[in-house]
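Here is how names work: the chains are called A, B, and so on, in the same order as the sequence lines, proteins then strands, and each is numbered from 1. The analysis underlying the following values was restricted to heavy atoms, covering all of them including side chains, and did not include hydrogens, waters or symmetry mates. Not measured: the values here are computed from a predicted model.
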There are 2 protein chains.
Amino acid sequence: MKKGNITIYDIAKEANVSPATVSRVLTGNAKVRPQTMRKIMDVIEKYNFKPNSLARSLLHKQSKTIGFILPDISHPFFSTLFQKSEAYAMELGYTVFLGNTMNNSENESKYLQSLVEKQVDGIIYIGGRINDTDTDKEYAEEIKKVMERIPIVFVNGRMTGVDAHVVRADEESGIDKLVELLINLNHLKIGFLGGLDGISSTDVKKNSFINAMKTRGLSINKDWVIGTGFNIESGEEVATQLLNLNERPTALLCANDLVAIGVIKVLTKFGLKVPEEVSVVGFDDIYLAKHFPPGITTVSQNYDQLGQTAIKVLVDLINEKEAEKEIVVPTSLILRDSCKLLSDS
Amino acid sequence: MKKGNITIYDIAKEANVSPATVSRVLTGNAKVRPQTMRKIMDVIEKYNFKPNSLARSLLHKQSKTIGFILPDISHPFFSTLFQKSEAYAMELGYTVFLGNTMNNSENESKYLQSLVEKQVDGIIYIGGRINDTDTDKEYAEEIKKVMERIPIVFVNGRMTGVDAHVVRADEESGIDKLVELLINLNHLKIGFLGGLDGISSTDVKKNSFINAMKTRGLSINKDWVIGTGFNIESGEEVATQLLNLNERPTALLCANDLVAIGVIKVLTKFGLKVPEEVSVVGFDDIYLAKHFPPGITTVSQNYDQLGQTAIKVLVDLINEKEAEKEIVVPTSLILRDSCKLLSDS
DNA sequence: CTGTTAGCGCCTTCAT
DNA sequence: ATGAAGGCGCTAACAG
């Protein structure tokens, strides 16, 4: 058996045909006499030959490969979204490079470079720099340069000055639904916890919260609007701050489920029962929201639809089809047991 | 500006040099006069040229790409391990394809195929078929075929008849430490919950549990050894079964942290306090173990070391260096608040 | 239906 | 220090 890689030439030789014919059975792009076909297939089988897709890609100028840039694959929101997206991409014949940036812009740049060099056909971008409310000019430039050659779809983000296609969950209406729910449960004193100013998803949610409150004639207490981040620890932090206040809200809307979990942990530790004494709601509907006691009422981002839509738009762009510039995926309220009717006070 | 992709030819033309010289500045493999160098660099910059790594790979016969096959990226164990591994791979100049198989052997085959065709330099394989205690012959064959050309490293798994390099966490001793801990806390009636027979990690843990118990002169009650899976739901399931028993263990060792969480949920719901009335321990030290009340005592798989070691071995194999056939990464006991000294009974 | 040929973009001798 | 040429593995056009 020949050393090194087996190529269609080797197969061709052994089957007494030309490389072109081998290529034809490989691609199915032209008719081959069943006899020769069989002969070739046998040899392919015999050597367990697999065509080199790099060579193929070089020729076709497309690699059937998609790059994913996201900040933290160990965060359930991203991993679930990735999972759904990747499954759909695979159905469409694409394989996926994952760039996990740890929310570090240098890493984002590195991956962007690397994906370009690796000739990915398109890029899905979630989190990181596309979530900064104040877009950094250089970062925007960098993305724009890449976009001149490779389509990029932003998920739940945007950059000023960058005209990318966007697929996003309807966070505004999600928050609105939560506020409405809490108000229907007689809560008037509602706080907003978690997130970070300057990160667009936080700003979107916070604004939506403020609007929802004002629209319904409720006022906002600034002491009850605090955020230091997106994880459980930061939920614990803000809850602790809240406990030091003289006057406290009766319901807490959290920037995401992890924050809600942190908040519930601390409240519970301090003897405040959720939902009996304080109502808490989250956002995202991660796997845990269902399982963390008492079960967190939240808003689902409809991962399946969000991921599939993103991939669909990207693939359309890859194939130079028209695609809507911005697609908003609906969110849905998921009722569980972390909030409760406020009995008269 | 030229249509289509910019190549070193375009750069060469504009800089009045030969493509070879452009290539030289790109790779740094030969000296170029500083003057010409500068000139070329300017043109490269001007067009924001990035070399096509597919072409490069085709030539070099290596793609600087690693494939990852794992069953479920939304499971914190895998996502954390992946994250650590990928970060290290990137340091070494590798980009990573992620194949998320949903524990489906057909998907595993597809990815295996795809990774071969994409000419990955090596593959990290975690979970899925390499965790079946009874190796399926055909699956083993398939892997062996791939291994003839591409090095594969198994993480926490093995297949009979497949002579792959293995990097694994020391699950045996991890379990032993847990059993010892529980016994030191005066527990004699210990159950083992979760996991699935026929999955090697379960078998390893269960055997280690049995050994640890026997060594210390404790007997095992078969009714207390039940498992239906690896997630929270399955923890809930087995805990429910346990509650129906007349005689119940005082301590529960769970196959992993998610199972432990499910178990704690159900026990708590039934009014049994953890750790006051039942002690529970988990395995893996996922992010949640710390946060799920009361804080789960568990065993850490040392993700960083496990991931890095796996990548290191793989890269060594890629570079045709020697590598140990099996490397065992130590596990460490993480003490939290889910178990407690059993007061006299 | 099948073979021949050229070229995708790059790098690496071999000359100069 | 630089240029010319061939080839990595594959496929699409062009012949036949």
Please report, rounded to the nearest Å, how far the [atom2] atom of [N] is from the [atom1] atom of [X].
X       : N     : atom1 : atom2 : answer
B:Lys61 : D:dG9 : NZ    : C1'   : 8 Å
B:Asn16 : D:dG3 : CG    : C1'   : 13 Å
A:Asp10 : D:dG7 : CG    : C1'   : 15 Å

Ion pair present between [X] and [Y], side-chain N to carboxylate O less than 4.0 angstrom?
X        : Y        : answer
A:Asp163 : A:Lys325 : yes
B:Glu108 : B:Arg129 : yes
A:Glu326 : A:Arg158 : no
B:Lys46  : B:Glu14  : yes

For the helix from C:dC1-D:dG16 to C:dT16-D:dA1, measure the angle between the helix axis at one end and the axis at the other, each built from five pairs, rounding to 10°.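 So the angle between the two local helix axes works out to 40°.
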Go through the side-chain N and O atoms of B:Ser57 and B:Gln119 and say whether any donor and acceptor fall under 3.5 Å apart.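 Result is no, nothing qualifies.
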Determine whether [X] and [Y] make a side-chain contact, defined as any pair of heavy atoms from C-beta on separated by less than 4.5 Å.
X        : Y       : value
B:Gln308 : B:Lys84 : no
B:Asp72  : A:Gln83 : yes
A:Ile44  : A:Ile40 : yes

Is the number of heavy atoms from other residues, nucleotides or ligands within 6.0 Å of CE (B:Met147) greater than 12?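 Yes, CE of B:Met147 has more than 12 neighbouring heavy atoms, counting only those of other groups under 6.0 Å.
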Pairs under 3.5 angstrom, nitrogen or oxygen only, protein versus nucleotides 10-13 of chain D, please.
| unit_1 | atom_1 | unit_2 | atom_2 | d |
| --- | --- | --- | --- | --- |
| D:dC10 | OP1 | A:Asn52 | N | 3.0 |
| D:dC10 | OP2 | A:Ile8 | N | 2.6 |
| D:dC10 | N4 | A:Tyr9 | OH | 2.9 |
| D:dT11 | OP1 | A:Arg56 | NE | 2.4 |
| D:dT11 | OP1 | A:Arg56 | NH2 | 2.8 |
| D:dT11 | OP2 | A:Ser23 | OG | 3.0 |
| D:dT11 | O5' | A:Ser23 | OG | 3.4 |
| D:dA12 | OP1 | A:His60 | NE2 | 3.1 |

Would you indicate, yes or no, if D:dT2 has its OP1 or OP2 atom less than 4.0 angstrom from a side-chain nitrogen or oxygen of B:Lys31?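 Negative; the distance criterion is not met.
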Under 3.5 Å: donor-acceptor pair, side chain of B:Asn100, backbone of B:Ile73: yes
May I ask you to say what B:Ser57 touches in the nucleic acid, namely base, sugar-phosphate or nothing, with a heavy-atom cut-off under 4.0 Å? nothing
Could you give the start and end, 5' to 3', of the contact zone on DNA chain C for chain A, using atoms under 4.0 Å from its heavy atoms?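 Endpoints of the contacted stretch of DNA chain C: C:dC1 to C:dG9.
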Applying side chain to side chain contact (heavy atoms under 4.5 Å, CB included) between B:Ser18 and each of B:Thr21, B:Asn16, B:Val22, report the one that passes. B:Thr21
